[in-house]
Novice: 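Pasting a structure here, questions to come.
In what follows, chains are A, B, ... by sequence order, proteins preceding strands, each numbered from 1.
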Protein chains: 2
Amino acid sequence: MDQVEIFKALSNKARLQILNWLKDPEVHFPEQAEAGFANGVCVGRIQEKVGLTQSTVSEYLTSLQRAGLITATRTGQWTYYKRNEETFAALSKLIQTDI
Amino acid sequence: MDQVEIFKALSNKARLQILNWLKDPEVHFPEQAEAGFANGVCVGRIQEKVGLTQSTVSEYLTSLQRAGLITATRTGQWTYYKRNEETFAALSKLIQTDI
DNA sequence: TTGGCATATCGGGAAAAACCGATATATATT
DNA sequence: AATATATATCGGTTTTTCCCGATATGCCAA
């Protein structure tokens, strides 16, 4: 759990927005309903919603993943990303105790 | 409470270190014991401990202050900085609910 | 095997952050 | 008034971040 890496990942409006959307995928990504949300949301859906290029969104998701804030699941040609709530819980606690 | 500004302020090892030292000023800044710690620790003490230049430390403290993580009190020629625990508590809660 | 779609990676330009040294400002002392 | 001390601000160099377009890779369908 690299604190600086986590805070850097959180230091961007678009990435915070994505994390927020991933809290309620069924609300924010209804287009993906038929595929289900068990593994999260795929890159393309996030990209069209956030309005940045595909490469930028892919990089942002990778950085969130490296920070441990989301996890990736590859299924066929899609990569699904979902929040890793354990990290958020740990971070919340860390701010109360360590920082 | 600007989330991005807070996370940016926290995205740096030296600034995290300073915040951590300020949790226990009497432990980490015993040189300042006679002046007391009611208003925190003055810039010079922090600077010599963190080992960066005076200008850098001053800027770092200002950025932490802008983020609401510390408060400044000017007394004579010294500026004392101390943690603003309310912001830390709010941030911890914010991570549980908003992010 | 060819083509199409989803994602990742690469190379780069512009903007911001990480520092620094020099200088300015404010307060205190003599 | 002159000097000293503490901090803030300014100007600059280097590194990092923010994005992009182009290209590569991996999977699937025809």
Side-chain angles (χ1 to χ4, degrees), chain A residues 2-19 22 25 29 31-32 34-37 39-67 69-82, chain B residues 2-19 22 25 29 31-32 34-37 39-67 69-82:
Chain A
D2 181 334
Q3 297 179 194
V4 172
E5 188 169 29
I6 290 176
F7 290 130
K8 276 189 179 163
L10 293 173
S11 298
N12 176 280
K13 201 175 166 185
R15 290 191 295 266
L16 285 178
Q17 180 76 80
I18 292 168
L19 289 172
L22 290 181
F29 302 97
E31 327 83 69
Q32 198 191 282
E34 58 174 314
F37 299 104
N39 291 318
V41 181
C42 69
V43 181
R45 302 282 141 271
I46 297 170
Q47 191 231 318
E48 62 190 25
K49 197 169 172 75
V50 79
L52 295 170
T53 62
Q54 189 272 322
S55 61
T56 297
V57 174
S58 177
E59 279 170 14
Y60 280 14
L61 292 170
T62 300
S63 80
L64 289 169
Q65 189 195 6
R66 271 199 312 266
L69 294 163
I70 60 178
T71 59
T73 309
R74 181 113 204 190
T75 302
Q77 30 191 346
W78 294 276
T79 306
Y80 295 90
Y81 286 97
K82 73 169 176 184
Chain B
D2 181 333
Q3 298 178 193
V4 172
E5 188 169 27
I6 291 176
F7 289 129
K8 275 189 178 161
L10 294 172
S11 299
N12 177 282
K13 201 174 164 184
R15 290 192 296 267
L16 286 179
Q17 180 77 80
I18 291 169
L19 288 172
L22 291 180
F29 302 97
E31 327 83 68
Q32 198 190 281
E34 57 175 317
F37 299 105
N39 293 317
V41 181
C42 69
V43 181
R45 302 284 143 269
I46 296 170
Q47 192 232 317
E48 64 190 22
K49 198 169 173 72
V50 78
L52 295 169
T53 62
Q54 189 273 320
S55 61
T56 297
V57 174
S58 178
E59 279 169 14
Y60 280 14
L61 291 170
T62 299
S63 80
L64 288 169
Q65 189 194 7
R66 271 199 313 267
L69 294 163
I70 60 178
T71 59
T73 308
R74 180 113 205 189
T75 302
Q77 28 190 348
W78 295 274
T79 306
Y80 295 91
Y81 287 97
K82 72 170 176 184

Novice: For A/Tyr80, which contact category applies under a 4.0 Å heavy-atom criterion: base, sugar-phosphate, or nothing?
Specialist: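 No contact at all - A/Tyr80 keeps every heavy atom at 4.0 Å or more from the nucleic acid.
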
Novice: Does NZ or CZ of A/Arg15 come closer than 6.0 Å to the centre of the six-membered ring of A/Tyr60, within 45° of the ring's axis?
Specialist: yes

Novice: If you look at every heavy atom in A/Gln65 and A/Tyr81, which pair is closest and at what distance?
Specialist: OE1-CE2, 4.2 Å

Novice: Rounded to whole Å, please give me the gap between CH2 in B/Trp78 and C1' in C/dT25.
Specialist: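 Answer to the nearest Å: 16 Å.
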
Novice: Which part of the nucleic acid, if any, lies within reach of A/Arg45 when heavy atoms closer than 4.0 Å are counted: base, sugar-phosphate only, or nothing?
Specialist: nothing

Novice: Using whole Å, what does the distance between atom P of nucleotide D/dT7 and atom CD1 of B/Ile70 come to?
Specialist: 13 Å

Novice: Could you tell me the separation between the CZ atom of A/Phe7 and the C1' atom of D/dT17, rounded to a whole number of Å?
Specialist: 18 Å

Novice: If only atom types and distance count, is the side chain of A/Thr56 paired as donor or acceptor with the main-chain N or O of A/Leu52 below 3.5 Å?
Specialist: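 Such a contact is absent between A/Thr56 side chain and A/Leu52 backbone.
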
Novice: Could you check which of C/dC20, C/dA17, C/dT7 has an atom nearest any side-chain atom of A/Val43?
Specialist: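 My answer, after comparing the listed nucleotides, is C/dT7.
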
Novice: How many whole angstroms separate atom CD of B/Gln77 from atom C1' of D/dA6?
Specialist: 6 Å

Novice: Reckon A/Thr79 has a side-chain N or O less than 4.0 Å from the OP1 or OP2 of C/dA8?
Specialist: yes

Novice: Side chains of A/Thr71 and A/Lys82, heavy atoms from C-beta outward: is any pair under 4.5 Å?
Specialist: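 When only atoms from C-beta onward are counted, A/Lys82 and A/Thr71 do touch, with a gap below 4.5 Å.
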
Novice: Taking all non-hydrogen atoms of both residues, which atom of B/Tyr80 and which atom of B/Asn39 are closest, and how far apart?
Specialist: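 For B/Tyr80 and B/Asn39, the tightest heavy-atom pair comes out as CB-O, 3.2 Å.
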
Novice: Please give, in whole Å, the distance from D/dT17 C1' to A/Lys13 NZ?
Specialist: 17 Å

Novice: Among residues 54-66 of chain B, which ones have heavy-atom contacts with DNA chain C below 4.0 Å?
Specialist: B/Ser55, B/Thr56, B/Glu59, B/Tyr60

Novice: Please state how far atom CD1 in B/Ile46 lies from atom P in D/dT7, giving the value in whole angstrom units.
Specialist: 9 Å

Novice: Closer to the 5' end of DNA chain D via nearest nucleotide, is it A/Arg74 or A/Asn12?
Specialist: A/Asn12

Novice: Where the side chain of B/Leu52 is concerned, which of D/dG26, C/dA28, C/dC19 is the nearest nucleotide?
Specialist: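 For B/Leu52, the side-chain atoms sit closest to C/dC19.
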
Novice: Figure out the CG/C1' separation between B/Asn39 and D/dA6, and round it to whole Å.
Specialist: 16 Å

Novice: Can you tell me how far P of C/dA17 sits from CG of B/Leu10, to the nearest Å?
Specialist: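 Whole-Å distance recorded here is 14 Å.
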
Novice: Donor-acceptor pair, distance only, cut-off 3.5 Å: does the side chain of A/Ser11 make one with the backbone of B/Phe7?
Specialist: yes

Novice: Between A/Leu10 and B/Val4, is any pair of side-chain heavy atoms under 4.5 Å apart?
Specialist: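 No - every pair of side-chain heavy atoms lies 4.5 Å or more apart.
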
